[in-house]
Structures are given as C-alpha cells and as structure tokens.
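Worksheet for the structure shown next.
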2 protein chains.
Amino acid sequence: MPTPQPKSTVRRSPLSREEVLRVAAMLADEGGISGLTMRKLAEKLGIQAMSLYHHVAHKDELLDAMVDAVFSKIGIVPDDVHWKTAMRQRAVATRQVLLQHAWALGLMESRANPGPATLKRHDAVIGCLRHAGFPVALAAHAFSLLDSYIYGFVLQELNLPFQNPEELETVSETIFQDMPADAYPHLMELVTEHVLKPGYAYADEFMFGLDLILGGLEQAIGAHLQTES
Amino acid sequence: MPTPQPKSTVRRSPLSREEVLRVAAMLADEGGISGLTMRKLAEKLGIQAMSLYHHVAHKDELLDAMVDAVFSKIGIVPDDVHWKTAMRQRAVATRQVLLQHAWALGLMESRANPGPATLKRHDAVIGCLRHAGFPVALAAHAFSLLDSYIYGFVLQELNLPFQNPEELETVSETIFQDMPADAYPHLMELVTEHVLKPGYAYADEFMFGLDLILGGLEQAIGAHLQTES
DNA sequence: CTACCTGGCCTTACGCCGTAAGGTATGACT
DNA sequence: AGTCATACCTTACGGCGTAAGGCCAGGTAG
C-alpha cells in the first residue's frame, strides 16, 4: 500500500490562466491538437486534471482562448505605410504565425467565438483599407478575399504530405508507382517538371497569389476613384 | 437475466464499404465530425462497432475515404469551354460541395493521403489550364491560388457565427454590447453600414474574389503570351 | 482568538471513445 | 466431408472530458 503522499507541503505560486494557455499551446505545438488533453496539460503543469477547471470553464473555452492568443501574436502593422505594403506585411505575418501553430487553423473552423485579439486584428485591417480610401463595400471584399487566401494557402501548406524535397520525392513515387502510369498526366507533368526541380518551394507560391490579389484590389480602387471624380 | 438473443437468424445482404461511407457521411453531416463515432455508425448500420473493421482498416482510413468521396462529388467540367468559365464553374461547384459537407474541410487539414478522386480533380484542373496555354509554372501558381481561395473562403464561411441575417444581428449585438463602444470602430462601421444592410449575403463576396483572381490570371497569361511572340 | 469564507487544489466516478484479441455462424469450394 | 473465407459478435483495455464533492491554507470579521 503506497503511503498516501504527504500532501505536498510545498505551495508553489498559484497558476495563472496565462500560464495554462502558454503550456497548452506548447503541448499542441508538439503533439498536434489531439495531443492536448486536460490530463496531459495538468501533468505538464504539475497539477491534477480537474484543477484546470479553476482556470477555464471547459476545454472549449481553453481552445477559444488559444485561438485568440494566436491572433494576438500576429502583431500590428504601422499605419503610416501604403495599404499594399501593410496588407502584404500582415499577410506574411499571419501566414507565419499560423504555420508556427499548425493547430490554430483547424480550431478556427468549428469555433465561433472570436476573441478580443481577433476582433482587434480585423478592425485594424479594415481601418487600414478605409484610410486608404476604400469604400465600405470594397473594404469588405478585400478583407474577405485576403483572409480567404491566407487561410486557404496555409491550409494547403499544412496539408502537404511532405516538408522538404526528399520527402516530396518519396511521396510522389509512392503515389505514382502503382498506377496506370498515365492516370494523372498533367499532375505528373507538373510535379516532375516544376515541383521536383531544384529550388522549388511551395512557400514561394504564396507571394505570387498575394501580389496578384493586391494588384487586383489596386485596380478595383483605382476604378472606384475614377468614377468618383 | 436477459435471454441471450436468438442470434438474429435474418441474414441481410452484407454491407458494402460504399454503404459504410455513405452512412458515415450522413452522420457527419448531421452531427459534425465529432458526432461520427464507430459505435454510432455501427448502430445506424445495424451492426456492432467492431464489425466495421471488416470494411475499413481503422477510423483514419474511413476519414480519408470520406474526404475523397467528397471530391468525387465535385463533378467534371466540360473541357470545351474557356478556361475562365471552367475554373469559375469548378470553383462554385467545389464551394457548394464543401459547404454541403462542412466536416470535409476540417478533415483535409491533418490528412495527408489524397485519394484517387482528389488526384483526378487536381489533374483535370491542371490539364484545363495547360490546354489553355498556361506554362507549367503559371499553371502551378493558378492552381495553388484558386484552391487556396476556395478553401479559405469556405473556411471563413463555415466559421461565421451566424447563418442568416437575424442571427447575425443578435451575434453582433452580443459582441458589441459590453464594450467600450468604440473598441472596434471600423469593424463596427463595416457591420452596421454594410453587412447588416438588407440584401447582404456573405456568399456574394465569393464571386468578387473569384473574378478578381481570374482577371489577374488572365492578365498574367496575356503578359506571358506577349513575351513569347 | 475564534469562526467563517474563499480560492486553489485533489479524489473518485461516469459514460463516452478507438480498437486489440479472439470467437462463431454461414456458405462456397474442393 | 472437410476446409476455408467472409461477415459478423463479445469482451476488455486504456484514455478521454468532466460532474460532484472533499480538503486545506490564508484572509477577514466578530
């Protein structure tokens, strides 16, 4: 029979909600979102699972807070630069943060309670566009379009079955080997003649799309300003 | 003591893997991806949970197959139309199917084994672009850009905390009520002066972005053809 | 000084989950 | 008649989120 533990007379400084969130994000970074369980989180914090419920109401609240924490990491773009520059910077920063915390994008779906940091970021983006002369409707369009692109790109990037050229090679071999050889001719061409070429990095595609979108928005606002004068 | 069940002498026609997939998608449509458990699926099929493992190796394989089944529902676009038309049609169809099965997008992330239907769709898209004169690199860009936009847009659409104007109103009230009133001025402006206006539907934003992207691609390929001649 | 309250933690227990291991009845093929 | 594969079932295990309730130190009030 194990002696019933002297109840740990040591009274460490009490946990803060922030600390819980920090460690939760760490755990999710390491083992994916499914690796984040209340029990493991508690263990990492040196407490029992149920004690976590003194800091968060339930796991969903924890997840909501984690998403918002990610948004708060995106950072603020100075508002004295051209809107294109600001949007580009913000897009790059957003992508980077979302890649850093691969679980965040998955959480965003299914989670419908934007936190303060999320709302603040949205407000800053819209404000930047409005100050640049975008009418409300066009600002809404631009906002939706840019975010859609960023999220979608990261989604695909996270979904890639490889992280580096060697992996890609083995994966594409695996896919293409046991097939009618010409089952996906165009896909095959694209992979062998473009993706597998040295120097290729999927990440580079991001800038192409981003600049195409920003260019399109520039034309749109140009057209708007013309009709106004 | 319950009599041990007469072992159900009725021998219904054996289940097919397709039937399992069909019912699994139904369950996920109804109760979200978390509502799809092996036990509930088995129950709906009239069998025991473990019997499912004669049709799929494990749950992950089931999920992979479900994603591929969704892609197979997207349909093929006739290849005798202009690439812009084809891309637009395919984008619309993709969005529609992904909205219909809200769980699919969430599954795509974290799942790294594209199935045959997925590969076939990719091949068709790239083929369409190549036939329209896109060089390989530009086709890759366009492919990535379009899919990113579609997926990202649907992601945001699914993430919206409302499904109709009334819900939107209550939600925005909830968010804006207990706040410094001017915490998110631009967001507030956009909501009250644009989103809450009668006739607004977030879905309409989709076409704006799609056409902007298609226009940008058209310019890009125009520039390419010019340098070639 | 004592009594009480409260915040922060722990214990136990419940009903879920995916699935490993192994059993059984049916029908087809030799 | 014997063998085998197929399609199903039974039991059990460890892990999950969390409801319910207990315990103990420190602060506050009488």
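Proteins get letters first, then strands, A, B, ... in listed order; numbering begins at 1 in each. The model shown is predicted, which means the values in this text are computed figures rather than measured ones.
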Given atom [atom1] of [X] and atom [atom2] of [N], what is their separation to the nearest angstrom?
X	N	atom1	atom2	result
B:Ile47	D:dT10	CD1	P	12 Å
B:Leu52	D:dC8	CG	P	9 Å
B:Gln48	D:dT10	CD	C1'	8 Å
B:Met50	C:dC17	CE	C1'	13 Å
B:Arg17	D:dT6	CZ	P	15 Å
B:Glu43	D:dC8	CD	C1'	17 Å

**Q.** Residues which pass side chain to side chain contact (heavy atoms under 4.5 Å, CB included) with B:His194, listed by chain and number, not counting sequence neighbours
**A.**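 With sequence neighbours excluded, B:His194 shows a side chain to side chain contact (heavy atoms under 4.5 Å, CB included) to A:Val136, A:Ala137, A:Ala140, B:Tyr200, B:Glu205, given in chain and number order.
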Q) By side chain to side chain contact (heavy atoms under 4.5 Å, CB included), which residues pair with B:Asn159, not counting sequence neighbours? A) A:Met108
**Q.** Sequence neighbours excluded, every pair satisfying ring pair (Phe, Tyr, Trp, His ring centres under 6.0 Å) that has a member inside residues 96-122 of chain A
**A.** A:His101-A:Trp103, A:His122-A:Phe143
(Q) If the condition is salt bridge (Lys or Arg N to Asp or Glu O under 4.0 Å), which residues does B:Arg130 pass it with, not counting sequence neighbours? (A) A:Glu189
Q: Return the 5'-most residue of the pair A:His54, A:Ala49 with respect to DNA chain D, ranking by each residue's nearest nucleotide.
A: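 Comparing both residues, the 5'-ward one is A:Ala49.
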Q.
Using OP1 and OP2 only, check whether a side-chain N or O of B:Ser51 sits under 4.0 Å from D:dC9.
A. yes
(Q) Taking ring-ring contact (aromatic ring centres under 6.0 Å, His included) as the definition, give me every residue that meets it alongside B:His55, ordered by chain and number, with sequence neighbours left out. (A)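 Not a single residue meets the ring-ring contact (aromatic ring centres under 6.0 Å, His included) criterion with B:His55.
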Atom pairs under 3.5 Å, N or O on each side, protein against nucleotides 13-17 of chain D: can you list them with distances?
residue	atom	partner	partner atom	Å
D:dC16	OP1	A:Thr37	OG1	3.1
D:dG17	OP1	A:Met38	N	3.4
D:dG17	OP1	A:Lys59	NZ	2.6
D:dG17	OP2	A:Met38	N	2.9
D:dG17	N7	A:Arg39	NH2	2.4
D:dG17	O6	A:Arg39	NH2	2.6

Q) So do B:Leu146 and B:Leu210 actually touch side chain to side chain, heavy atoms under 4.5 Å? A)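 Yes - at least one pair of side-chain heavy atoms lies under 4.5 Å apart.
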